[in-house]
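Data first, discussion second: the structure below is written as structure tokens.
Both backbone and side-chain heavy atoms feed into the values below; hydrogens, waters and symmetry mates do not.
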Amino acid sequence: YKNKVHRSLKKQLIKIENSVKNDISVRQQMVFFPYKASMWDSFESIYFSAKADAQCDVYCVPIPYYDLTSDHNIGQMHYEIKDFPDNIELTDWRTYDFENKKPDIAFIHNPYDNYNLVTSVHPRYYSENLKKYVGTLVYVPYNVTGGVLGKMHRFLPSYFNVDYIIAQHKRQIELYRAEISHKVKAFGSP
């Protein structure tokens, strides 16, 4: 009798496991936070791959940025949502509530937060704040380098806030500080 019950329970357990694997849909919410339309190409291939995945809900939320005055105060705001390619589904930054949506993955291409001397993205989108609400925060560098990383660039606080940094090649991993090198993934330039 024990063996018969055991076999029956085992069959039921296998059915449950298979149902969990095959019948329950787990959706991922991905959001892209570009700030300059001219830099969109750093996200483009990732965005279209995510859009092609039926398990992903994908948002592209262009964010505002500001010129900084000579005394490092916020100056004129720029918002380039009208400058993005027509084949991108865009969401206005004022309507996408990442604090409540809590996306699984967010992509940024501005690592400077408040450490840029010329421009600044809206402070709501600084990496330290995003990390509070995002499951995985990924920095995708816009620039293509020959392996050179400026000294100041190595110490940006956002590098400690993000979960991953996408590098163009393995040689770049050693350019980042040892404490964050485990986050750097050499996937190439998107």
Under the side-chain contact (heavy atoms from CB on, under 4.5 Å) test, residues paired with [X] that sit two or more places apart:
| X | answer |
| --- | --- |
| S70 | none |
| D92 | Y79, R94, T95 |
| Q28 | C56, D104, I105 |

Distance-only polar pair, side chains of D113 and S127, donor-acceptor under 3.5 Å |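 Note: D113 and S127 side chains meet the donor-acceptor criterion.
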Can you check whether [X] reaches [Y] side chain to side chain, under 4.5 Å on heavy atoms?
| X | Y | result |
| --- | --- | --- |
| Y139 | I166 | no |
| P103 | F98 | yes |
| Y66 | T119 | no |

Just by distance, do the side chain of E80 and the backbone of A37 share a donor-acceptor pair under 3.5 Å?
->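 Confirmed, E80 side chain pairs with A37 backbone.
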With Y126, which residues qualify under ring pair (Phe, Tyr, Trp, His ring centres under 6.0 Å), at least two apart?
->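 Residues passing ring pair (Phe, Tyr, Trp, His ring centres under 6.0 Å) with Y126: none at all.
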Can you name the ring pair (Phe, Tyr, Trp, His ring centres under 6.0 Å) partners of H78, sequence neighbours left out?
->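 Ring pair (Phe, Tyr, Trp, His ring centres under 6.0 Å) list for H78, sorted by chain: Y65.
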Identify whether the distance between the nearest side-chain nitrogen and carboxylate oxygen of R124 and E99 falls below 4.0 Å.
->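 A salt bridge is present here (some side-chain N lies under 4.0 Å from a carboxylate O).
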Geometric class of the F33/Y96 ring pair [parallel <30°, tilted 30-60°, perpendicular >60°] |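 Perpendicular, since the angle between the ring planes exceeds 60°.
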Option from K101, R27, Q29 for which side-chain hydrogen bond (donor to acceptor under 3.5 Å, both in side chains) with D57 holds |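 Only one option passes, and that is R27.
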Results of side chain to side chain donor-acceptor pair (under 3.5 Å) for K36 - residues two or more places apart only |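 None.
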